[in-house]
Amino acid sequence: MSPNTCWLCKIFRAEENGISSKVSLEEVLQWSQSFEKLITSKYGPMMYKTYLKTEHSDENIEFWLACEVYKITSQKKRTSMARKIFTSYIQPKAPNEINIDSPVRKAIIRNIQEPTQSCFDEAQRIIYMHMERDSYPPFLE
């Protein structure tokens, strides 16, 4: 891909998000090794989200990241955070509705009144697989 059409090149030239000067070449090269390395790196999720916005699917990374925060949220704050995740991403016609199958959605709906630390795990796993399989390969191009 030429530097004129490469989405990553455009971002770096435009200094979007102000992070291009902070990202090392080593980190960028690691992103191509695996989706896991991208998603767990310091700036990878932010750059991946920027890419997903161009594909109109940034709700996937937003949901995945919200689940990561949810898992470490205290019991005291868990119910309100679960509600927020549910209304933003899970409920039918949610503003940022993610693509998960009906049985997973129904299980979350049943458990949302008393959410556990793992109540979004299956949905998060599905979204991770969608991103890894569908969005990650074009991200690398």
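The chain is numbered in sequence order, starting from 1. Note that the coordinates shown come from a computational prediction; the quantities given were computed from them, not determined experimentally. All heavy atoms count here, side chains included; hydrogens, waters and symmetry mates do not.
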Atom NZ of K84 with >12 non-hydrogen neighbours under 6.0 angstrom
no
Taking the inter-plane angle between the rings of F120 and F63 on a 0 to 90° scale, is it parallel (under 30°), tilted (30 to 60°) or perpendicular (over 60°)?
perpendicular
Side-chain touch Y70/P115, heavy atoms, less than 4.5 angstrom
yes
Taking the side chain as C-beta and beyond, is there a heavy-atom pair between E132 and E36 under 4.5 Å?
no
Using a 3.5 Å distance criterion without hydrogens, assess whether the side chain of S41 forms a donor-acceptor pair with backbone atoms of G44.
yes
Taking all non-hydrogen atoms of both residues, which atom of K49 and which atom of D58 are closest, and how far apart?
O-CB, 4.1 Å
Hey, could you give me the OH/OH distance between Y51 and Y136, rounded to the nearest 0.5 Å?
12.0 Å
If you round to the nearest 0.5 Å, how far is CD of Q124 from CD1 of I127?
9.5 Å
Are side-chain heavy atoms of P45 and W64 found at a separation under 4.5 Å?
no
Is N99 close to N60 at the side-chain level, that is, under 4.5 Å between some pair of heavy atoms?
no
For T50 and M46, indicate whether the former's side chain and the latter's backbone hold a donor-acceptor pair under 3.5 Å.
yes
Which heavy atom of T87 sits nearest to which heavy atom of P95, and what is that distance?
O-CD, 3.3 Å
Path from Y89 to M129 over hydrophobic side-chain contacts below 4.5 Å
no
Between CZ on residue R125 and SG on residue C67, distance to nearest 0.5 Å
13.0 Å
Any side-chain heavy atom of T116 sitting closer than 4.5 Å to one from N111?
no
Heavy atoms only: give me the nearest E59-E97 pair and the separation to one decimal.
CG-O, 3.9 Å
What distance separates H130 NE2 from R133 CZ, expressed to the nearest 0.5 Å?
6.0 Å
Do the side chain of Q117 and the main chain of K71 share a donor and acceptor less than 3.5 angstrom apart?
yes
Measure the spacing between CD of E27 and CG of L38 and express it to the nearest 0.5 Å.
9.0 Å
Taking the side chain as every heavy atom from C-beta outward, state whether I108 and E122 have any pair of such atoms under 4.5 Å apart.
no
side-chain contact (heavy atoms from CB on, under 4.5 Å) between Y43 and V28: does it pass, once the steps are laid out?
CA-CA 9 Å; Y43 295 107; V28 173; over 6 Å; no
Does any non-hydrogen side-chain atom of I100 lie less than 4.5 Å from one of I90?
yes
Stepwise side-chain contact (heavy atoms from CB on, under 4.5 Å) test for M81 and V69:
CA-CA 9 Å; M81 187 166 187; V69 172; 3.4 Å; yes
Counting only heavy atoms from other residues, nucleotides and ligands, does the tally under 6.0 Å from CD of Q33 exceed 12?
yes
Rounded to the nearest 0.5 angstrom, the CD1-OG distance for I98 and S57 is 12.0 Å
Under 3.5 Å: donor-acceptor pair, side chain of Y48, backbone of M131
yes
Check: F35 ring centre within less than 6.0 Å of F139 ring centre:
no
